[in-house]
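See below for the structure under consideration.
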Amino acid sequence: MIKAIDRFLDHQTMYRLVLYYLMALLGTALVLGFFRLAPHDPVALAFTTGLMLVACWITNRIFAAVFKVPANNESVYITAFILALIRDPVAATDLKGIGAVVFACVWAISSKFILAIGRKHLFNPAALGVALTALLLDQPATWWVGGNLPLLPVVLAGGVLIVRKLRRLDLVATFVAVALATILATTEPSQYVAALRETLGSSPLLFFAFVMLTEPLTAPTTRWPRIAFAAIVGFLFAPNIHVGSLYFTPELALLAGNLFAYAVSPKGRFVLTLERIEQSAVDSYDFIFRSPRKLAFQAGQYLEWTLGLDRSDNRGNRRYFTVASAPTENSVRLGVKFYPQSSAFKQALGTMKPGSTIHASQLAGDFTLPTDPETKIAFLAGGIGITPFRSMLQYLVDSHEKRPIVVLYGAETQQDIAYRDVLGAARRELGIKTVFAVARGAERGQYPGYIDARLVRLAIPDYLERIFYISGPQAMVTAVRGKLLAMGIRRSKIKVDYFPGFA
């Protein structure tokens with residue numbers, strides 16, 4: 001069952017999964033409404049949702065044209081659906097209510113453009129939209145999706161899938177724990193049971209954690225700042241927390257956390273210009289871009305890449321890819337493998353010519369070299385999963401920094417081996433050995449087959465003393481990680497290259 005769920009998740013983008021989740025919640029609420037099991041009239045809910053979709057879509061199109069950036073339709077739909085789930089529906093005859101709905105939508109979408117400092121989002125769009133509507137029009141969000149018990153199973157089921165997809169259990173768990181602790185600390189002991197029942201069953205706590213808190217553009221990108229962010233928002237989320245006469249609502253708690261996230265996160269969105277394309281292996285190419293300013297990052301981190309697509313598919317126009325270049329290089333390198341039936345994004349990428357541009361943002365990732373240069377490391381790569389290791393090895397070569405590293409590189413054929421030049425330079429200049437595991441057509445000195453326990457023991461006799469980094473196709477990463485655990489390697493000594501959103 002778990003494997004089937006993971007296969008489904010691996011084939012969904014983060015944005016598409018969230019979109020499906022919100023659609024399921026709204027669909028369930030509409031059905032329940034016909035049986036009077038939901039708090040709102042289904043006709044009013046359908047009208048309001050449609051109104052929000054139109055208002056958000058038009059606003060996004062206008063601002064995307066003015067600011068000359070790609071329009072992300074999935075993001076628009078997600079924002080509209082979130083607003084529909086946290087604001088009370090309005091009737092078609094309620095002109096004041098319609099005005100407030102449009103006001104919330106316009107501000108939510110426009111904030112992505114006019115409140116983006118250095119092209120980086122400052123606030124969660126939906127949270128800002130409802131906060132301004134409450135403060136300026138005295139029409140606060142009710143967060144009704146969290147106050148409806150029949151919807152709770154859908155909230156939980158979809159939320160668990162999102163957390164598993166994003167690998168953000170630390171974020172959600174910290175937020176929930178701090179929120180509950182703060183609620184209990186500000187409640188009379190005799191009311192503990194009632195407070196917990198209300199918080200877990202009739203408040204937006206879980207929906208807020210699964211959807212709003214995990215939004216990647218306005219949350220910290222590395223682990224400890226992410227946990228601090230969750231703790232701050234969790235503390236302010238408690239209903240009894242206030243500053244003077246100002247009591248925090250869920251949206252105000254999140255906006256305060258967004259300010260912290262902005263302060264501790266990498267800044268900016270880059271418009272990169274393609275300089276040239278190099279073939280790194282069969283069906284694999286490196287797109288080498290020029291950046292208007294130096295990109296400060298750690299070897300092994302990733303970016304979110306956005307293309308303007310005339311006709312997108314169900315995977316959207318955004319992807320997360322590792323930065324294949326080293327921080328010491330002037331250009332920004334993107335390594336991609338193409339398949340016979342590639343997505344619309346990759347098809348558009350494949351048609352790029354020198355001078356074409358792509359948008360890159362949301363620099364993140366903990367799949368980086370340890371701070372102690374004496375730490376023994378093993379890099380295990382499969383296919384195009386060699387890209388983060390290319391970044392690390394090129395950085396070490398350029399820095400003349402020797403580290404105790406062994407590389408195991410698995411490929412189907414000789415033609416699938418990428419970055420031979422960097423691997424060769426690392427061996428010559430730093431003494432970093434690479435052992436190739438080739439499934440078909442292994443040559444002398446190479447390991448015939450895939451990376452397995454036997455190869456690890458042969459190539460890395462001191463494997464129990466090393467930290468293992470694994471990067472490659474999801475099936476390969478899962479299989480190799482299982483083999484390492486069976487060999488007695490502790491979980492804490494295995495790092496998996498993972499970034500949110502895309503299989």
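Computed from a predicted model, the values in this text were never measured in an experiment. We're numbering straight along the sequence, starting at 1. Just so it is clear, the values below take in all heavy atoms, side chains as well, and ignore hydrogens, waters and symmetry mates.
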Between Phe436 and Tyr409, how do the two ring planes meet: parallel, tilted or perpendicular, split at 30° and 60°?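 Phe436 and Tyr409: tilted rings.
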
For [Y], does its backbone N or O pair with a side-chain atom of [X] as donor and acceptor, under 3.5 Å?
X      : Y      : answer
Gln301 : Gly365 : yes
Trp107 : Cys105 : no
Glu215 : Met212 : no
Asp286 : Glu278 : no
Thr478 : Ala475 : no
Thr328 : Asp398 : no

Using distance alone, with no hydrogens and no angle criterion, decide if [X] and [Y] have a side-chain donor and acceptor under 3.5 Å apart.
X      : Y      : value
Gln394 : Arg333 : no
Thr413 : Gln415 : yes
Tyr320 : Gln362 : yes
Lys337 : Ser280 : no

Tell me the closest heavy-atom pair linking [X] and [Y], and the distance in Å.
X      : Y      : result
Pro125 : Ser111 : CA-OG, 3.7 Å
Ala230 : Leu171 : CB-O, 3.3 Å
Lys493 : Arg466 : CE-O, 3.1 Å
Leu274 : Ile288 : CD1-O, 3.5 Å
Pro327 : Ala299 : CG-N, 3.7 Å
Thr214 : Ala209 : CG2-O, 3.4 Å

Hey, which of Asn60, Thr59, Thr79 is the one that makes side chain to side chain donor-acceptor pair (under 3.5 Å) with Lys112?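 Of the listed options, the one satisfying the test is Thr79.
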
Residue pair Leu22, Phe207: steps toward the side-chain contact (heavy atoms from CB on, under 4.5 Å) verdict: CA-CA 10 Å; Leu22 298 174; Phe207 175 82; 3.9 Å; yes

Taking the side chain as C-beta and beyond, is there a heavy-atom pair between [X] and [Y] under 4.5 Å?
X      : Y      : value
Ile460 : Phe468 : yes
Lys346 : Val336 : yes
Asp283 : Tyr339 : no
Leu25  : Leu85  : yes
Leu254 : Thr218 : no
Thr357 : Phe289 : no
Arg454 : Tyr447 : yes
Asp416 : Gln414 : no

For Phe237 and Phe208, what are the C-alpha separation, side-chain angles and deciding distance, and is it a ring pair (Phe, Tyr, Trp, His ring centres under 6.0 Å)? CA-CA 10 Å; Phe237 182 90; Phe208 181 92; 5.2 Å; yes

Go through it in stages, so that I can follow the logic: the residues are Asp452 and Lys483, the test is salt bridge (Lys or Arg N to Asp or Glu O under 4.0 Å), and I'd like the CA-CA distance, side-chain angles, deciding distance and then a yes or no. CA-CA 7 Å; Asp452 56 17; Lys483 289 180 173 64; over 6 Å; no

For the residue pair Arg318 and Tyr15, would you count it as a cation-pi contact if the rule is NZ or CZ under 6.0 angstrom from the ring centre and within 45 degrees of the ring axis?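 Yes; both conditions hold, so Arg318 lies above the ring face of Tyr15.
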
Looking at [X], I'd like to know if its [atom1] atom is crowded, meaning that more than 12 non-hydrogen atoms belonging to other residues, nucleotides or ligands lie closer than 6.0 Å.
X      : atom1 : answer
Phe297 : CZ    : yes
Met352 : CE    : yes
Lys353 : NZ    : no
Arg420 : CZ    : yes

Taking ring-ring contact (aromatic ring centres under 6.0 Å, His included) as the test, write out the residues that go with Phe379, two or more places apart.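 Phe379: ring-ring contact (aromatic ring centres under 6.0 Å, His included) contacts with Phe389, Tyr469.
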
Stepwise side-chain contact (heavy atoms from CB on, under 4.5 Å) test for Arg293 and Phe270: CA-CA 8 Å; Arg293 63 186 188 274; Phe270 296 81; 3.6 Å; yes

Decide, yes or no, whether a salt bridge links Arg319 with Glu304 under the criterion of side-chain N to carboxylate O below 4.0 Å.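 Between Glu304 and Arg319 there is no salt bridge, as every charged N stays at least 4.0 Å from the carboxylate O atoms.
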
Carboxylate-amine/guanidinium contact Arg390 Glu329, below 4.0 Å: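 Yes, Arg390 and Glu329 are salt-bridged.
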
Check the pair Leu369 / Tyr395 against side-chain contact (heavy atoms from CB on, under 4.5 Å), numbers first and verdict last. CA-CA 10 Å; Leu369 290 165; Tyr395 169 75; 4.3 Å; yes

Between Phe260 and Phe229, ring centroids under 6.0 Å: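 Not close enough - the centres of the two rings lie 6.0 Å or further apart.
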
